[in-house]
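Written out below as structure tokens is the structure these notes cover.
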Amino acid sequence: MSDQPIIKISLPDGSVREYPKGVTGHQIAFSISEGLARNVLAAKVNGEVWDSSRPIEADATVTLLTWNDPEGKATFWHSSAHLLAEALEALYPGVKFGTGPSLEKGFYYDVDLGGQALSMEDFAAIEAKMQELARGKNQYLRQPISKADAISFFTEKGDEYKLELIDGLEDGQITFYTQGNFTDLCRGPHIPNTGIIKAIKLTNIAGAYWRNNQENKMLTRIYGITFPKQKELEEHLHQVEEAKKRDHRKLGKELELFAFSEKVGQGLPLWLPKGAMLRERLESFLKKAQLKAGYLPVVTPHIGSKALYVTSGHWEKYGKDSFQPIKTPDEDEEFMLKPMNCPHHCEIYKTKPRSYRDLPLRLAEFGTVYRYEQSGELHGLTRVRGFTQDDAHIFCRTDQVKEEFLRVIDLVLYVFKTLGFNDYSAQISLRDPENKAKYIGTDEDWEKAESAIIEASAERGLATVTELGEAAFYGPKLDFMVRDALGRKWQLGTIQVDYQLPQRFNLEYIGSDNQKHQPVMIHRAPFGSMERFIAILIENTAGQFPLWLSPDQIVILPISEKYADYAEEVFFTLQDQDIRGFVDHRDEKIGRKIRDAEVTKVPFMLIVGEKEQSEQLVSIRRKGEGDLGSMKVEDFIVFFQKEIKNNLTSF
RNA sequence: GCUGUUGUAGCUCAGGGGUAGAGCACUUCCUUGGUAAGGAAGAGGUCAGGGGUUCAAAUCCCCUCAACAGCUCCA
């Protein structure tokens with residue numbers, strides 16, 4: 001009616017429009033343009049995402065969400081999960097449902113098929129059913145429901161998982177959503193109707209524990225992804241294929257960087273010559289920076305007596321799940337493969353009395369450690385059982401913690417920047433306030449350590465996310481997380497403040513007051529581990545490493561065997577300038593040699609034939625770019641060294 | 001650790017109850033070639049390992065190991 005109350009809707013462009021009370025997101029969109037109305041998937045009302053069909057009853061700030069908004073996609077995929085569930089219920093009567101959320105890319109639904117096995121071969125039929133249901137353009141209908149009615153609905157259906165979820169919900173806050181013949185317990189929101197879902201692909205199937213708890217039953221998790229257009233699905237699948245080509249396990253084999261052997265053992269990488277050279281370069285790069293940053297190198301053994309880990313607390317915490325103790329001919333004598341370097345470093349600290357003038361003491365070691373990771377966790381070089389940490393422990397006074405922490409952040413950022421790791425996130429990992437028993441140490445120490453990390457991160461302007469319950473058992477951490485080619489997240493650099501170990505090892509120093517004090521320890525590793533870092537480096541660069549790291553920097557390609565001597569001469573000149581590579585003496589045509597050099601990702605090809613030999617030149621070809629013309633060998637050396645200098649700045 | 005899938009030549013993969021296949025790589029020979037694959041011949045496998053069914057098993061069944069995907073874990 002004309003005297004309907006009016007409400008004010010603020011839109012993202014700053015405009016404020018008036019609509020009758022009860023207007024929906026869809027109606028607002030329609031008043032702007034028909035095209036927008038067609039594309040609206042949901043509406044963000046005062047910061048909360050709503051169905052675009054839900055009436056707005058008061059003045060509000062509204063953002064209309066489309067496929068271009070992350071929240072629009074999330075809604076689309078969540079609704080797709082419901083569509084999957086509807087298809088499953090149609091094809092597998094009696095199926096029970098766990099949860100079915102959207103993901104960063106796609107969605108899943110956890111289901112219990114009552115012992116019936118489902119495989120990827122069944123996907124085609126399920127996808128077809130989903131397509132059929134999508135074409136029905138069924139609306140997603142929201143329905144608030146009382147707790148009692150919700151319980152009776154799912155009791156009748158016999159779905160104990162939904163009943164368990166309802167159990168944790170508050171009466172009056174419960175909603176159901178129905179599309180077609182399928183009704184689900186769901187907070188929403190959803191897209192207007194199933195017809196918007198045009199392209200459907202089920203991608204994977206795997207087990208997942210109910211409510212993420214190992215003690216619970218394992219459900220079948222079905223993953224999928226959907227798009228509003230077929231073309232977008234095709235593009236997505238293409239991208240996934242491209243990403244697979246960057247997988248470090250594949251490239252590591254192809255480029256002969258590392259290998260695994262069943263006989264050596266699971267999760268124990270073998271570094272091949274090219275990989276070892278790459279790794280050594282990375283090590284010396286960091287060693288150089290650390291020397292400038294005031295670190296002192298130390299070297300400690302690969303094993304330590306069990307007593308060392310009893311003192312550190314690692315024995316109690318991880319003893320059962322570690323490689324088991326090494327015995328000696330001496331009864332009762334036991335050693336452990338070291339799972340961490342810190343206890344050894346604490347003993348180095350204790351080799352002499354320390355004065356406050358000695359602090360901070362920064363002890364650095366590329367220390368190889370061994371951890372018995374769960375077999376299901378092992379993954380290429382990113383999760384292994386023997387790996388080398390670019391470890392260091394900073395022993396300092398309480399008043400130096402923040403300054404030291406800041407200096408470590410700077411070092412980590414330098415490392416990341418030099419290696420082109422721009423896409424990282426900084427995560428502050430604190431202890432789980434609900435479960436303090438998992439950790440050692442007093443509340444006071446934890447609070448001091450946690451605030452030191454939070455302050456230092458803020459001071460360096462890091463964009464951080466905070467995760468509760470992710471701390472190490474002895475202290476909070478600042479972790480630098482990156483993603484691999486397939487989008488999985490891994491921790492690389494880490495900085496941890498620790499008040500516990502100094503206590504357990506009775507570390508002390510004499511202060512200016514001539515009294516004994518306890519130092520604070522900072523554990524830190526900019527790479528994290530050489531193995532994982534190199535894995536990510538391989539994936540980031542697709543195996544095309546920066547010139548200074550490349551195992552072979554140049555290859556010399558003689559046109560024929562007649563120029564072999566000249567090729568050797570050029571090679572030795574370059575080798576004298578520390579330029580790495582080899583001469584391709586094979587009895588092949590130049591086209592073939594070029595192709596093989598391209599495939600093995602050698603940055604520079606130096607072609608030598610009659611013309612080059614007679615004029616003392618080399619013809620330069622850059623991988624991926626092609627012919628750069630001819631130049632004198634000396635000029636190439638200058639050019640080459642300038643290249644390296646440009647992307648390898650010092651700390 | 002759990003659930004599922006997979007395991008055939010150095011690599012990528014086809015095959016499938018009746019003597020083991022291809023391409024690339026490798027070896028030898030021919031070719032001495034100018035900017036992304038020259039030609040020919042040859043060699044190479046206990047079909048992951050163990051057990052079972054069968055006249056016969058690489059193939060079917062069971063166990064073990066490993067890899068892969070996800071979950072759980074991660075000092």
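To find a chain, count down the sequence lines: A is the first, B the second, and so on, and within it residues start at 1.
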| query | Got a salt bridge between A/Asp443 and A/Arg431, using NZ or NE/NH1/NH2 to carboxylate O under 4.0 Å? | reply | yes
| query | Any Lys/Arg nitrogen of A/Arg483 or A/Glu104 sitting under 4.0 Å from an Asp/Glu carboxylate oxygen of the other? | reply | yes
| Below 4.0 angstrom, N of the basic side chain to O of the carboxylate: do A/Lys250 and A/Glu254 qualify? | yes
| said: Judged by each residue's nearest nucleotide on RNA chain B, which is more toward the 5′ side, A/Gln389 or A/Ile590? | reply: A/Ile590
| Would a 4.5 Å heavy-atom cut-off, applied to side chains only, mark A/Phe123 and A/Ile222 as touching? | yes
| Phosphate oxygens OP1/OP2 of B/G70: is one of them under 4.0 Å from a side-chain N or O of A/Arg488? | yes
| said: Using a 4.0 Å heavy-atom cut-off, does A/Glu254 contact any base of the nucleic acid, only the sugar-phosphate backbone, or nothing at all? | reply: nothing
| task | Select base, sugar-phosphate, or nothing to describe what A/Arg221 touches, counting heavy atoms under 4.0 Å on all strands. | result | sugar-phosphate
| Expressed in angstrom and rounded to an integer, what is the separation of A/Lys489 atom NZ from B/C74 atom C1'? | 16 Å
| task | Taking atom P in both B/G10 and B/C47, compute the distance separating them and give it to the nearest angstrom. | result | 12 Å
| field | Nearest-angstrom distance, P atom, B/G7 to B/C13 | value | 11 Å
| Can a salt bridge be assigned to the pair A/Glu404 and A/Arg362 using a cut-off of 4.0 Å between side-chain N and carboxylate O? | yes
| query | Quick one: A/Asp432 CG to B/C74 P, roughly how many Å, whole number? | reply | 11 Å
| Rounded to whole angstrom units, what separation is found between the OH atom of A/Tyr209 and the P atom of B/C73? | 10 Å
| Can you name the nearest heavy-atom pair linking A/Ala87 to A/Met130, along with the distance? | CB-CG, 3.5 Å
| task | Using a heavy-atom cut-off of under 4.0 Å over every strand shown, decide if A/Phe260 touches base, sugar-phosphate, or nothing. | result | nothing
| task | Working to the nearest 0.5 Å, report the span between CG of A/Leu478 and CD of A/Glu450. | result | 12.5 Å
| Distance test, side-chain N/O of A/His379 to OP1/OP2 of B/A69, below 4.0 Å | yes
| message | Do the side chains of A/Lys217 and A/Asp112 get close enough for a salt bridge, i.e. N-O under 4.0 angstrom? | response | yes
| Hey, is the side chain of A/Arg249 poking within less than 4.0 Å of OP1 or OP2 on B/C68, counting only N and O atoms? | yes
| Whole angstrom value for the distance that separates C1' of B/C13 from NZ of A/Lys253 | 13 Å
| message | Rounding to an integer number of Å, can you tell me how far A/Met120 CE sits from B/U6 P? | response | 11 Å
| task | Can you tell me the distance, in whole Å, between the CD atom of A/Glu610 and the P atom of B/G33? | result | 9 Å
| query | Quick one: is A/Ser375 getting a side-chain N or O under 4.0 Å of the B/G1 phosphate, OP1 or OP2? | reply | yes
| query | Using the C1' atom in both, what is the distance from B/U3 to B/G50, to the nearest Å? | reply | 25 Å
| query | Checking all strands, does A/Gly591 fall into the base, sugar-phosphate, or nothing category for heavy-atom contacts under 4.0 angstrom? | reply | sugar-phosphate
| Nearest-Å distance once atom P is located in both B/C62 and B/A20 | 25 Å
| Taking N and O atoms by type only, does the side chain of A/Arg371 place a donor or acceptor under 3.5 Å from a partner on the base of B/C74? | no
| message | Ignoring hydrogens and geometry beyond distance, is the side chain of A/Ser619 in donor-acceptor contact with the base of B/U35 at under 3.5 Å? | response | yes
| Rounding to the closest angstrom, what is the interatomic distance between B/A36 and B/A48 at atom C1'? | 37 Å
| request: Taking atom P in both B/U28 and B/C60, compute the distance separating them and give it to the nearest angstrom. | output: 40 Å
Write out a two-atom table: protein N or O, nucleotide N or O from nucleotides 22-29 of chain B, distance below 3.5 Å.
residue: B/A25; atom: OP1; partner: A/Arg592; partner atom: NH2; Å: 2.1

| For the pair made of CD1 in A/Ile559 and P in B/G34, what is the distance, rounded to whole Å? | 7 Å
| said: Taking Watson-Crick (N1-N3 plus N6-O4 or O6-N4) and G-U wobble (N1-O2, O6-N3), each under 3.5 Å, can you produce the dot-bracket string of RNA chain B? Use [ ] for crossing pairs and | for inter-strand ones. | reply: (((((((..((((....[..)))).(((((.......))))).....(((((..]....))))))))))))....
| task | Confirm from the modelled atom types if A/Arg383 and B/C73 form a donor-acceptor pair under 3.5 Å, side chain to base only. | result | yes
| field | OP1 or OP2 of B/A67 under 4.0 Å from side-chain N/O of A/Gln266 | value | yes
| query | Should the ring pair A/Tyr372 and A/Phe323 be called parallel, tilted or perpendicular, given that the plane angle runs from 0 to 90° and is split at 30 and 60? | reply | perpendicular
| message | Any base atoms under 4.0 Å from A/Glu470, or only sugar-phosphate, or nothing? Heavy atoms, all strands. | response | nothing
| request: Specify the separation, in whole Å, of atom CG of A/Asp110 and atom C1' of B/C2. | output: 14 Å
| message | Applying the side chain to side chain donor-acceptor pair (under 3.5 Å) criterion to A/Tyr474, which one of A/Gln496, A/His314, A/Gln500 satisfies it? | response | A/Gln496
| note | Side-chain contact check for A/Glu262: nearest option of B/C71, B/A36, B/C65 is B/C65
| A/Glu242, CD atom: more than 12 neighbouring heavy atoms under 6.0 Å | yes
| query | Which whole number of Å gives the distance between the C1' atom of B/A57 and that of B/G15? | reply | 15 Å
| Most 5' of A/Ser322 and A/Tyr563 on RNA chain B, judged by nearest nucleotide | A/Tyr563
| message | I want to verify a distance call: between B/C71, B/A36, B/U32, whose nearest atom is closest to the A/Glu598 side chain? | response | B/A36
| message | Using a strict threshold of under 4.0 Å (side-chain N to carboxylate O), is an ion pair present between A/Arg595 and A/Glu598? | response | no
| Looking at B/G1, does its base get a donor-acceptor pair with the side chain of A/Glu373 below 3.5 Å? | no
| query | Around A/Lys623, counting heavy atoms of other residues, nucleotides and ligands shown, do more than 12 lie under 6.0 Å from its NZ? | reply | yes
| task | Name the nucleic acid region contacted by A/Lys611, choosing base, sugar-phosphate or nothing; use a 4.0 angstrom heavy-atom cut-off, strictly under. | result | base
| Roughly how far apart, to the nearest Å, are B/A58 and B/G21 at atom C1'? | 13 Å
